[in-house]
Number of protein chains: 2
Amino acid sequence: MNNLGDNISLIEKRHLKEAEQILKLLSNPARLQMLYILEQQELSVSAIGELLNLEQSVVSHHLAILRKFQLVNNKRVGKAMFYRLDDPHILDIVTETIEHADHVLRGKPHGK
Amino acid sequence: MNNLGDNISLIEKRHLKEAEQILKLLSNPARLQMLYILEQQELSVSAIGELLNLEQSVVSHHLAILRKFQLVNNKRVGKAMFYRLDDPHILDIVTETIEHADHVLRGKPHGK
DNA sequence: AAAACATATGTTAGTATGTACATATGAATT
DNA sequence: AATTCATATGTACATACTAACATATGTTTT
């Protein structure tokens with residue numbers, strides 16, 4: 001009468017919650033691209049918008065989220081605001097995920 | 001009159017979309033735990049529910065999602081359905097994220 | 001100090017996601 | 001073959017996200 005499942009370790013609740021937030025934050029194409037390009041180069045808000053074809057307010061909103069989680073920081077240069085990566089470690093997750101995506105695309109596509 | 005931002009590589013659209021889906025799928029505490037425990041041991045639906053304190057239908061719904069993305073597979077044993085990890089690579093992303101979460105929790109908490 | 005520029009923030013509407021409950025399927029037991 | 005057990009699936013509601021638009025803030029230029 002044993003369902004098994006003893007001796008199994010779980011993710012701690014606080015870790016789980018934090019991980020969930022991080023992943024939710026990353027699961028957006030605009031923010032993924034932003035982190036990806038900001039790792040390569042410091043960029044102004046308008047430059048980001050042009051590169052990614054996004055409206056100004058959309059870019060700002062996304063950057064606000066990334067700022068809140070301290071994944072990026074910014075400095076003012078004249079009127080412009082330049083952003084750069086603040087957390088190199090987050091990029092590991094991004095690149096790992098892109099690699100995974102690449103594997104999936106090469107191999108087994110998951111159907112409807 | 002140059003915003004800079006030349007010579008910057010972007011994530012390809014299809015990779016981006018795939019990555020987004022994967023991350024969305026992972027950004028859920030129940031599914032994270034499921035992947036985490038299924039890496040340790042094959043488990044039945046009811047065992048998963050007991051371990052994670054989740055209702056049967058909730059577990060099934062989540063498993064259906066994981067199945068759709070071929071992160072888990074299942075085999076029937078009598079009445080029970082046993083699930084196991086189908087994609088070990090996905091665990092790299094999970095553990096990397098948990099580690100990141102741990103760093104965040106130790107160090108800099110991100111405010112409201 | 002007014003105008004123009006760059007960015008940030010508030011608000012709203014459409015859409016997606018998660019959970020709960022009800023029902024269906026499919027296997028084993030009697 | 002009817003009942004029970006384990007799991008799956010359908011549906012509805014409440015919540016969360018994203019993008020669009022409007023407006024506000026802060027800086028430079030004239």
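By convention in this document, chain letters (A, B, ...) are assigned in the order of the sequence lines, proteins followed by strands, and residues within each chain are numbered from 1.
Of the candidate nucleotides D:dA19, C:dT9, D:dT18, D:dT18 has the atom lying nearest to any side-chain atom of A:R31. Distances from the side chain of B:M81 to the nucleotides D:dA8, C:dG18, C:dT7 place D:dA8 closest. When distances are taken from the side chain of A:N28 to each of D:dT18, D:dT7, C:dT7, the shortest belongs to D:dT18. Of the candidates D:dA19, D:dA20, C:dA20, the closest approach to any side-chain atom of A:E55 belongs to D:dA20.
The 5' end of DNA chain D is approached more closely, in terms of each residue's nearest nucleotide, by B:K79 than by the other of B:Y83 and B:K79. Toward the 5' end of DNA chain C, the nearer of the two residues A:L63 and A:K24, judged by each one's closest nucleotide, is A:L63. The residue among B:A30 and A:V45 whose nearest nucleotide of DNA chain C lies closer to the 5′ end is A:V45.
Residues A:E42 and A:K75 are paired through a salt bridge, judged by an N-O separation under 4.0 Å between the basic side chain and the carboxylate. Using a cutoff of 4.0 Å between basic side-chain nitrogens and carboxylate oxygens, B:R14 and B:E18 are not scored as salt-bridged.
Hydrophobic clustering, with ILVMFWY side chains joined whenever heavy atoms are under 4.5 angstrom apart, groups A:I90 together with B:L10. Residues A:F69 and B:V104 do not share a hydrophobic cluster, defined by chaining ILVMFWY side chains whose heavy atoms lie under 4.5 Å apart.
Under the stacking criterion of a centre-to-centre distance below 5.5 angstrom and an interplanar angle below 30°, A:H61 sits stacked against the six-membered ring of C:dT9.
For A:Q56 against C:dA8, a side-chain-to-base donor-acceptor contact under 3.5 Å is present.
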